[in-house]
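Contents: one structure, followed by commentary.
All values below come from the heavy atoms of this structure, side chains included, with hydrogens, waters and symmetry mates left out.
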Amino acid sequence: MGFAWNVAEALRFRDESSEAMLWRPRRSLLITRVTGHAGIELLDFYEMQAEREMPAGPLRVFHDWSGLTGYDPAVRDELKRWGKLHTREVAGVHYLVRSKVVAMLISVAALSMGRDLDATTDRTSFMRQVDAAITAR
């Protein structure tokens with residue numbers, strides 16, 4: 001059985017231009033879905049939730065950003081800063097995006113930051129990884 005994306009079980013953030021939902025299906029595992037144009041407040045929501053989970057052990061994170069239409073420049077800069085600050089607390093980050101160009105940019109960012117970032121446009125592959133992470137022991 002696959003991950004259900006049950007909205008009732010998600011922590012939610014919403015503003016005039018975006019919505020984010022965050023699930024914690026097991027310890028040290030976060031799954032997010034973001035739609036719309038992300039601002040710094042949305043990123044603050046994510047960072048706060050991730051930092052709450054970090055004491056349980058290194059995080060694996062799955063971001064469904066296939067509904068993301070854009071983001072404020074400050075979001076990119078803050079996400080890079082925050083990611084560098086929490087390198088040891090994050091075991092891996094996986095992204096589902098709409099564009100192969102965006103997937104490539106995430107791969108380049110991973111190389112430049114020395115991080116484990118994986119991006120795909122293939123929903124089936126992404127969901128297989130999500131389901132494997134949920135059932136892993």
Side-chain angles (χ1 to χ4, degrees):
M1 183 165 135
F3 182 66
W5 301 100
N6 185 341
V7 174
E9 294 176 0
L11 296 172
R12 297 178 81 176
F13 169 88
R14 178 180 272 164
D15 65 13
E16 61 280 347
S17 62
S18 65
E19 180 177 31
M21 290 181 275
L22 183 142
W23 293 265
R24 293 183 180 114
R26 63 180 292 213
R27 256 179 95 189
S28 300
L29 177 63
L30 297 178
I31 301 171
T32 72
R33 176 176 277 166
V34 175
T35 56
H37 186 93
I40 200 73
E41 295 84 7
L42 185 148
L43 183 57
D44 289 344
F45 163 79
Y46 166 72
E47 290 175 351
M48 182 176 66
Q49 300 307 321
E51 288 172 8
R52 284 183 180 167
E53 193 67 22
M54 286 175 179
L59 292 176
R60 290 196 63 201
V61 182
F62 292 85
H63 293 299
D64 178 348
W65 284 3
S66 62
L68 187 67
T69 58
Y71 52 86
D72 295 343
V75 170
R76 179 188 60 243
D77 297 339
E78 171 58 15
L79 189 54
K80 284 167 76 175
R81 184 203 67 78
W82 186 85
K84 286 179 184 179
L85 184 65
H86 293 289
T87 299
R88 291 188 182 135
E89 292 95 348
V90 179
V93 184
H94 307 269
Y95 300 87
L96 175 63
V97 295
R98 286 188 294 185
S99 162
K100 290 185 183 207
V101 172
V102 172
M104 182 189 68
L105 291 171
I106 290 171
S107 297
V108 169
L111 290 173
S112 70
M113 294 171 60
R115 299 286 312 274
D116 183 12
L117 308 176
D118 171 59
T120 184
T121 59
D122 182 344
R123 181 171 297 279
T124 301
S125 173
F126 179 80
M127 291 309 300
R128 269 195 229 113
Q129 290 181 317
V130 167
D131 293 338
I134 291 171
T135 58
R137 293 283 170 216

Are Leu11 and Met48 co-members of a hydrophobic cluster defined by side-chain heavy atoms under 4.5 Å apart?
no

Look at the side-chain heavy atoms of Ile, Leu, Val, Met, Phe, Trp and Tyr, link any pair under 4.5 Å apart, and say whether Met54 and Leu117 land in one connected group.
yes

Hydrophobic clusters here meaning ILVMFWY residues chained together by side-chain heavy-atom distances under 4.5 Å, can you tell me if Phe3 and Phe126 are in one?
yes

Any chance you could lay out the side chain to side chain contact (heavy atoms under 4.5 Å, CB included) test for Phe45 and Leu22, step after step, and finish with the verdict?
CA-CA 10 Å; Phe45 163 79; Leu22 183 142; 4.2 Å; yes

For a quick check under 3.5 Å, do Thr120 and Asp122 share a side-chain donor-acceptor pair by atom type?
no

Taking everything shown except Tyr71 itself, do over 12 heavy atoms lie less than 6.0 Å from its OH?
no

Candidate pair Arg24 and Glu9, rule side chain to side chain contact (heavy atoms under 4.5 Å, CB included), full reasoning:
CA-CA 9 Å; Arg24 293 183 180 114; Glu9 294 176 0; over 6 Å; no

Could you measure the distance from the OH atom of Tyr95 to the OG1 atom of Thr121? Nearest 0.5 Å is fine.
16.0 Å

Any side-chain heavy-atom pair of Glu89 and Glu51 under 4.5 Å
no

Could you tell me whether the side chain of Ile134 reaches within less than 4.5 Å of the side chain of Ile31, counting heavy atoms only?
yes

Look at the side chain of Arg98 and the backbone N and O of Leu68, then say whether any donor-acceptor pair between them is shorter than 3.5 Å.
yes

Minimum heavy-atom separation for Asp72 to Gly39, with atom names?
OD2-CA, 3.4 Å

Below 4.5 Å, heavy atoms only, C-beta onward: do Glu19 and Val34 meet side chain to side chain?
no

With rounding to the nearest 0.5 Å, note down the distance linking CD1 in Ile40 to CZ in Arg76.
11.5 Å

Could you tell me whether a side-chain N or O of Glu53 sits under 3.5 Å from a main-chain N or O of Ser28, the two making a donor and an acceptor?
yes

What's the shortest heavy-atom distance between His63 and Val93, and which atoms?
CD2-CG1, 3.5 Å

Got a sec: does the CZ of Arg88 have more than 12 other heavy atoms crowding it under 6.0 Å?
no

Quick check against the 3.5 Å criterion: does Arg26 have a side-chain atom that pairs as donor or acceptor with the backbone of Ala136?
yes

Donor-acceptor contact present, side-chain Arg33 to main-chain Asp64, <3.5 Å:
no

Which of Asp118, Val97, Val101 passes side-chain contact (heavy atoms from CB on, under 4.5 Å) with Ile106? It is Val97

Taking only residues two or more places apart in sequence or in another chain, which ones pass side-chain hydrogen bond (donor to acceptor under 3.5 Å, both in side chains) with Ser18?
Asp15

Tell me, with the steps shown, if Arg60 and His94 meet side chain to side chain contact (heavy atoms under 4.5 Å, CB included).
CA-CA 8 Å; Arg60 290 196 63 201; His94 307 269; 3.4 Å; yes

Quick one: do Leu29 and Trp5 end up in the same hydrophobic cluster if we chain Ile, Leu, Val, Met, Phe, Trp and Tyr together by side-chain heavy atoms under 4.5 Å apart?
yes

side-chain contact (heavy atoms from CB on, under 4.5 Å) with Thr32: of Trp65, Phe62, Trp23, only one passes, and it is Trp65

